[in-house]
Amino acid sequence: SFCENMGEKIVPYLQDLVEKLVVMIAHSPTVHGKELAISALGAVSIAAEEAIVPFLGQVMEHLKVYLTAPDTEDGIRLKTQAIDTLSVFARKIGKETFSPMAAEWVQLGSAILSSADDPELRRCIYSLF
């Protein structure tokens with residue numbers, strides 16, 4: 001997306017972007033809207049890199065809802081996008097920041113992998129590891 005190439009130029013807009021995307025994730029009336037907002041958070045984190053760290057708690061709280069969602073058709077779509085975005089965070093926020101969280105997310109990824117039949121969901125989990 002366009003914001004992935006902005007680099008540090010995105011930082012002044014980061015708080016507003018994250019707040020609006022989190023609202024979309026929580027309240028969009030459509031699965032597609034939620035999916036796009038989760039994806040956009042990943043794109044924003046690619047540009048912002050470690051500048052996204054102050055927003056991690058807020059973002060992870062909302063991602064966790066979809067990471068633990070039931071395996072319905074919509075739940076799998078949102079879970080797949082949430083795992084993909086989590087993988088981006090893991091790569092962009094730095095080892096020191098992600099390491100304390102890694103055990104929890106790897107455990108969750110392993111649990112999802114053990115029951116996942118969807119090939120796209122499995123691919124995203126492997127990218128997390």
Side-chain angles (χ1 to χ4, degrees):
S1 83
F2 74 94
C3 67
E4 291 176 357
N5 297 318
M6 289 183 70
E8 64 185 38
K9 294 176 189 170
I10 202 167
V11 173
Y13 309 102
L14 202 50
Q15 183 169 349
D16 287 339
L17 281 169
V18 170
E19 287 174 3
K20 287 177 180 19
L21 290 170
V22 165
V23 167
M24 268 188 74
I25 290 169
H27 301 292
S28 176
T30 67
V31 171
H32 186 66
K34 291 176 183 189
E35 195 174 22
L36 289 174
I38 294 168
S39 176
L41 276 172
V44 166
S45 73
I46 289 171
E49 295 190 356
E50 292 183 0
I52 196 85
V53 170
F55 305 98
L56 276 183
Q58 179 184 15
V59 170
M60 296 303 221
E61 176 184 322
H62 289 280
L63 287 184
K64 195 176 245 186
V65 169
Y66 300 109
L67 291 167
T68 58
D71 285 343
T72 62
E73 183 178 335
D74 291 342
I76 290 172
R77 283 178 55 191
L78 293 169
K79 188 179 293 188
T80 301
Q81 189 59 61
I83 291 169
D84 196 43
T85 297
L86 180 61
S87 298
V88 171
F89 283 148
R91 290 188 304 272
K92 291 299 177 178
I93 63 174
K95 181 180 177 181
E96 301 79 27
T97 304
F98 192 74
S99 288
M101 299 180 255
E104 175 185 1
W105 298 117
V106 168
Q107 185 177 21
L108 179 64
S110 294
I112 294 169
L113 189 58
S114 70
S115 65
D117 292 329
D118 184 81
E120 184 66 13
L121 180 57
R122 293 179 72 83
R123 181 199 63 79
C124 285
I125 293 169
Y126 287 129
S127 74
L128 177 61
F129 299 140

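All values derive from a computational prediction rather than experimental measurement. In this chain, residues are counted from 1 in sequence order.
- In this structure, CG on Asp84 lies 11.0 Å from CZ on Phe89, to the nearest 0.5 angstrom.
- Proximity of His32 to Arg77: side-chain heavy atoms (C-beta onward) are separated by under 4.5 Å at one or more points.
- Val88 and Met60 fall into different hydrophobic clusters, defined by Ile, Leu, Val, Met, Phe, Trp and Tyr side-chain heavy atoms under 4.5 Å apart, directly or through other members.
- Cluster annotation: Leu17 is connected to Ile25 through the hydrophobic network of ILVMFWY side chains, with a link wherever side-chain heavy atoms come within less than 4.5 Å.
- A donor-acceptor pair is defined here as one N or O able to donate and one able to accept, closer than 3.5 Å; such a pair exists between the side chain of Ser45 and the backbone of Gly42.
- The side chain to side chain donor-acceptor pair (under 3.5 Å) check on Glu19 picks up Gln15, with sequence neighbours excluded.
- If you chain together hydrophobic residues whose side chains sit under 4.5 Å apart, Leu67 and Val18 fall into the same group.
- Atom CD1 of residue Ile83 and atom CZ of residue Arg122 lie 11.5 Å apart, to the nearest 0.5 angstrom.
- Minimum interatomic distance between Ala51 and Pro54 (heavy atoms only, all atoms of both residues): O-CD, 3.2 Å.
- For residues 20-34, the set of pairs meeting the salt bridge (charged side-chain N to carboxylate O under 4.0 Å, His left out) definition, not counting sequence neighbours, is empty.
- At most 12 heavy atoms of other shown residues, nucleotides or ligands fall within 6.0 angstrom of atom OH in Tyr13.
- Note that CD of Glu4 and CD1 of Ile10 are 9.5 Å apart. Values are rounded to the nearest 0.5 Å.
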side-chain contact (heavy atoms from CB on, under 4.5 Å) between Thr97 and Leu56: does it pass, once the steps are laid out?
CA-CA 10 Å; Thr97 304; Leu56 276 183; 4.0 Å; yes
Taking it one step at a time, do Gln58 and Val22 satisfy side-chain contact (heavy atoms from CB on, under 4.5 Å)?
CA-CA 8 Å; Gln58 179 184 15; Val22 165; 4.1 Å; yes
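- A 4.5 Å side-chain heavy-atom check between Thr30 and Glu35 finds every atom pair outside the cut-off.
- Between the Tyr66 side chain and the Ile38 main chain, no donor and acceptor come within less than 3.5 Å of each other.
- Contact annotation: the side chain of Ile76 approaches that of Thr80 to within less than 4.5 Å [non-hydrogen atoms, C-beta and beyond].
- Between Lys79 and Ile112, some side-chain heavy-atom pair lies under the 4.5 Å cut-off.
- Between Leu41 and His62, the closest side-chain pair of non-hydrogen atoms is not below 4.5 Å.
- Under the 4.5 Å side-chain heavy-atom criterion for ILVMFWY residues, a single connected hydrophobic cluster contains both Leu63 and Leu121.
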Could you walk me through whether Ile93 and Met101 pass the side-chain contact (heavy atoms from CB on, under 4.5 Å) check?
CA-CA 11 Å; Ile93 63 174; Met101 299 180 255; 3.9 Å; yes
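- Note on Val65: it does not cluster hydrophobically with Met24, by side-chain heavy-atom contacts below 4.5 Å among ILVMFWY residues.
- Pairing each heavy atom of Cys124 with each of Ser87, the nearest pair is O-OG, 3.9 Å.
- The shortest heavy-atom contact between Ser115 and Asp71 is OG-OD2, 4.2 Å.
- Under the rule for a side chain to side chain donor-acceptor pair (under 3.5 Å), the partners of Lys64 that lie at least two apart in sequence or sit in another chain are Glu104.
- In this structure, Gly33 and Ser28 approach most closely via the heavy-atom pair CA-OG, 3.4 Å.
- Within the 3.5 Å criterion, the main-chain N or O of Ala111 finds a donor-acceptor partner in the side chain of Ser114.
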